[in-house]
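Below is one structure, written out as structure tokens; the observations come after it.
Nothing fancy with the numbering, it's 1 onward along the sequence. Values below: all heavy atoms of this structure, side chains included; hydrogens, waters and symmetry mates excluded.
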Amino acid sequence: MWLNKFEEKEYGPFSDYIDAHPNEKILFEYKDGSKLIVKDESGDFESDNGLDLHEQGYEEYWERVFEIIEVIKDDKNIYQKEKYVSVNYHSIPLRYSVIK
């Protein structure tokens with residue numbers, strides 16, 4: 001199922017958590033202190049890093065897209081409400097939890 005050797009350990013638990021909470025709002029907390037409330041918009045899909053298949057460094061991985069419902073904290077001003085954020089094994093939030 002996994003597209004590279006890093007995903008099972010790193011992306012697998014994240015994906016399982018999101019799958020266990022369909023249609024729920026999730027709080028993402030990132031290493032830089034950013035905090036977002038999001039909802040899953042895509043489920044897992046195959047993606048890549050944008051390099052050509054034969055270029056050095058090319059890789060494939062699973063990814064999900066989340067709609068940003070609310071930006072709680074974003075000191076770098078990189079996130080916007082009603083825009084989207086992608087998550088793959090390179091960009092898993094430091095913490096993620098269901099909003100009760």
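Remark: K76 pairs with D32 by the salt bridge (Lys or Arg N to Asp or Glu O under 4.0 Å) rule, at least two apart or across chains. For K73, the salt bridge (Lys or Arg N to Asp or Glu O under 4.0 Å) test picks out D75, with sequence neighbours left out. Residues passing the ring-ring contact (aromatic ring centres under 6.0 Å, His included) test with F6, sequence neighbours excluded: Y89. With sequence neighbours left out, the salt bridge (Lys or Arg N to Asp or Glu O under 4.0 Å) criterion links E60 to no other residue.
Note that CH2 of W62 and CD of E46 are 4.5 Å apart. Values are rounded to the nearest 0.5 Å. Remark: E24 CD to S97 OG distance equals 11.0 Å, nearest 0.5 Å. With values rounded to the nearest 0.5 angstrom, I37 atom CD1 is found 10.5 Å from I26 atom CD1. If you take CD on E7 and NE2 on H90, they are separated by 8.5 Å, rounding to the nearest 0.5 Å. Here the straight-line distance linking atom NZ of K81 with atom CD1 of I69 works out to 8.0 Å at 0.5 Å rounding. Put simply, NZ on K83 and CD on E67 are 10.5 Å apart, with the number rounded to the nearest 0.5 Å.
Between L27 and E29, the shortest heavy-atom distance links the atoms CD2-OE2, 3.6 Å. Closest approach of S86 to S91, counting heavy atoms only: O-OG, 3.4 Å.
Hydrophobic cluster membership for Y84: F45, V65 (Ile, Leu, Val, Met, Phe, Trp, Tyr linked by side-chain heavy atoms under 4.5 Å, directly or transitively).
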Under 3.5 Å donor-acceptor pairs involving side-chain atoms of residues 9-19, not counting sequence neighbours:
from : atom 1 : to  : atom 2 : distance (Å)
Y11  : OH     : D44 : OD1    : 2.6
S15  : OG     : D44 : OD1    : 3.4
S15  : OG     : D44 : OD2    : 2.6
S15  : OG     : R64 : NH2    : 3.4
Y17  : OH     : V98 : N      : 3.0
D19  : OD1    : R64 : NH2    : 2.4
D19  : OD2    : R64 : NH2    : 3.4

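Taken together through direct or relayed side-chain contacts under 4.5 Å among Ile, Leu, Val, Met, Phe, Trp and Tyr, I78 and V71 form part of one hydrophobic cluster. One hydrophobic cluster holds both I68 and F28 under the rule that ILVMFWY side chains link at heavy-atom gaps under 4.5 Å. Linking ILVMFWY residues whenever their side-chain heavy atoms come closer than 4.5 Å, directly or via other members, leaves Y96 and I72 in distinct clusters.
No side-chain donor-acceptor contact under 3.5 Å links N88 to the backbone of Y61. The main-chain N or O of K35 is never found under 3.5 Å from a side-chain atom of Y30 such that the two would form a donor-acceptor pair.
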Derivation and outcome, side-chain contact (heavy atoms from CB on, under 4.5 Å), residues D52 and Y58: CA-CA 7 Å; D52 186 57; Y58 173 83; over 6 Å; no
